[in-house]
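The residues of the chain are indexed from 1 along the displayed sequence.
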Amino acid sequence: MSSGGRIGDIQDLEKGARVATSVLQQRANDVRANVVNWKSYLQGQMISNEVYNFISNFDKAGVEERSNLISTNPMQFAAIFRNLIDKIAKDQTLQYILTMLDDALQEDQTRVDIFKEYAKKRKESVWQPFFHMLDRSDMFIVHQSSRIVAKIACWSKELMEKKSLQSYLIWLKDRLKEPLNEYHSTVARCLQMMLRVDAYRTVFVEVDGISVIASVLAGHEKIGFQIVYQLNFCLWCLTFSPVLVERLNKMNLIPVLADILSSTQREKVTRILLAVFRNMLEKPEDRTVTTDYALSMVRCKVVKQLELLEARKWEDPDLEDDIKWISTKLDSSVQDLSSFDEYVSEVKSGNLEWSPVHRTDRFWRENAARLNDKNYELLKILVRLLESSRDPLVLAVAAHDIGEYVRYYPRGKHIIEQLGAKQLVMQYLTHEDPNVRYE
């Protein structure tokens, strides 16, 4: 599958589209069943004769007739829908207009450029009328408008300009954060479309979109397998970029994804998770990032999960190939690792536990000075864990490691004082957990 400008046709995305937007699709079917009395809008002087003649014919037309109406005068098609969206205030009629437009774009993707060209001729923003709809109180209107924005952004010859793109992606991620949004799958569907476009992925990362996906996936038991699949699809799109996959490494996603892998019963979720893992191991150009990912997967018991998956019968040869490839890669990665590599990965993950290195005098004798590397990066992480963690195990291990550093590095005490860790360690002498007090 290509990692270029646009990821090629992905059968599963299209197969899942109707399920993914089931609430919207169900309501769209209800909306299509309505009848709009266009004559009353003409008589009330809400629309002109030209608008009335076009829209009443367009409304009754079949696919071929609609195509003829649009090709006869493409600019009229854009002008009339823009006019209706601007002038009609009634929710029920707006729902109908937006659904009609969404259907027209779905029938022929090149029609999005008619709207682009119309806006350009009038020196207007193609996005403004649809962005305006995102502030409405009727949620069907809001999310149908969002779908249209995503289609114009993804199907047009020209990419969405950055300012509008940032606004739209921020809007999408904010909707994703809403806990009781029944249109979550529609939001995720729009994100799936947007993140298939390479240029849009970088901007999504810039607006901190990954952390929102990570936080939603952390509660995967509550959101249903379809959203889990869709959001992992979004991560998969992001992992095609070597730069972005390296940035993803800082988000500590592996524990969440490994947890989903161990609990899911859905083949499509397993397939997309393995595709994400494979890209995380295959796409980074910096070997240390691949090592970090591999270690994190091993520590989160992905190897054991792969063994269980390998024992099952799969109809999908790509899935079987991914299981074998990831297993082989993790085996070779672990064999190449030093104990210090393992230690670095564990500290960076923030999930400290009593792995053998912490208690080994030889490890600290040989490696204490290496905690000074990269401007004391590992020490600063240990200090931050002492400040922010509420887990007694993490606190005990972090306090112990700082103590070992001081013991084995001659200037360790001075550096620890500079980093503000001495005071933190002292305050844990009265911690309620005896293991933390001991360390």
Side-chain angles (χ1 to χ4, degrees), residues 7 10 12-29 31 94-95 98-99 101-102 105-106 112 127 129-155 160 164-197 200-238 251 253 256 260 268-269 272 276:
I7 299 176
I10 299 161
D12 209 44
L13 176 70
E14 302 310 332
K15 254 193 327 195
R18 245 169 213 283
V19 180
T21 54
S22 56
V23 173
L24 191 82
Q25 292 289 0
Q26 183 184 336
R27 293 193 181 155
N29 286 334
V31 167
L94 257 180
Q95 290 175 356
L98 291 167
T99 302
L101 175 56
D102 185 61
L105 298 181
Q106 192 70 42
V112 299
W127 315 110
F130 302 109
F131 279 1
H132 182 63
M133 292 288 135
L134 301 182
D135 294 327
R136 302 275 299 207
S137 58
D138 182 286
M139 288 299 105
F140 179 86
I141 288 173
V142 167
H143 290 282
Q144 190 69 291
S145 300
S146 172
R147 257 171 75 93
I148 292 168
V149 170
K151 286 175 178 176
I152 298 173
C154 296
W155 296 344
M160 197 176 197
S164 298
L165 177 61
Q166 285 175 322
S167 298
Y168 181 53
L169 290 176
I170 289 168
W171 184 86
L172 284 175
K173 80 178 180 98
D174 287 348
R175 298 295 74 71
L176 209 53
K177 285 192 282 190
E178 294 171 348
L180 299 174
N181 185 351
E182 64 179 337
Y183 288 95
H184 259 162
S185 55
T186 304
V187 175
R189 167 68 174 161
C190 290
L191 261 183
Q192 283 178 276
M193 289 182 69
M194 295 297 288
L195 296 180
R196 291 169 82 186
V197 182
Y200 297 165
R201 296 176 211 157
T202 306
V203 180
F204 183 69
V205 174
E206 286 171 4
V207 300
D208 200 28
I210 297 172
S211 66
V212 174
I213 288 180
S215 67
V216 175
L217 285 175
H220 60 90
E221 306 93 342
K222 301 171 193 164
I223 59 175
F225 83 92
Q226 183 62 38
I227 309 283
V228 170
Y229 167 77
Q230 289 177 276
L231 294 183
N232 275 291
F233 183 99
C234 292
L235 290 179
W236 179 61
C237 289
L238 294 168
M251 303 300 299
L253 285 164
V256 174
I260 297 170
K268 66 187 283 184
V269 175
I272 199 72
V276 172

Close side-chain approach of Leu235 and Leu217, heavy atoms under 4.5 Å: yes

Minimal non-hydrogen separation, Leu98 against Ile141, with atom names: CD1-CG2, 3.7 Å

Pairwise distance CD(Gln95) to CE(Met139) - rounded to 0.5 angstrom: 11.5 Å

Straight-line distance of Ile170 CD1 to Glu206 CD, nearest 0.5 Å: 10.5 Å

Short side-chain donor-acceptor distance under 3.5 Å, Tyr183 and Arg189: no

Check: Trp236 ring centroid to Phe233 ring centroid under 6.0 Å: yes

Spacing of Arg147 atom CZ and Ile152 atom CD1 [to the nearest 0.5 Å]: 12.5 Å

Residue pair Leu195 / Tyr200: nearest heavy atoms and the distance that separates them: CD2-O, 4.3 Å

CA sep, side-chain torsions, deciding dist, call: Met133, Ile148, side-chain contact (heavy atoms from CB on, under 4.5 Å): CA-CA 11 Å; Met133 292 288 135; Ile148 292 168; over 6 Å; no

Any donor-acceptor pair under 3.5 Å from His184 side chain to Leu176 backbone: yes

Pairwise distance CD(Gln192) to SG(Cys237) - rounded to 0.5 angstrom: 7.5 Å

Nearest heavy-atom neighbours spanning Ala153 and Met160: CB-SD, 3.9 Å

Side-chain ion pair, Lys151 and Asp102, N-O less than 4.0 Å: yes

Point-to-point distance, once rounded to the nearest 0.5 Å, from CH2 of Trp127 to OG of Ser167: 11.5 Å

Student check: side-chain heavy atoms of Leu191 and Leu169 closer than 4.5 Å: yes

Test item: Thr186 and Val23 side chains (from C-beta on) under 4.5 Å apart, heavy atoms: no

Polar contact flag, side-chain donor to acceptor under 3.5 angstrom, Gln144-Thr99: yes

Nearest heavy-atom neighbours spanning Val276 and Asn232: CG2-O, 3.5 Å

4.5 Å side-chain heavy-atom contact, Phe204 and Leu172: no

Validation row: Lys268, Gln226 side chains within 4.5 angstrom (heavy atoms): yes

Residue pair Arg196 / Arg201: nearest heavy atoms and the distance that separates them: O-NH2, 3.2 Å

Minimum heavy-atom distance Trp171-Ser146, with the two atoms named: CZ3-OG, 3.4 Å

Val203 side chain reached by Tyr168 side chain, heavy atoms, under 4.5 Å: no

Asn181 side chain reached by His143 side chain, heavy atoms, under 4.5 Å: yes

Pairwise distance CD1(Ile213) to NZ(Lys177) - rounded to 0.5 angstrom: 12.5 Å

Intermediate values then yes/no, salt bridge (charged side-chain N to carboxylate O under 4.0 Å, His left out), Lys173 and Glu178: CA-CA 9 Å; Lys173 80 178 180 98; Glu178 294 171 348; over 6 Å; no

Student check: side-chain heavy atoms of His220 and Phe225 closer than 4.5 Å: no

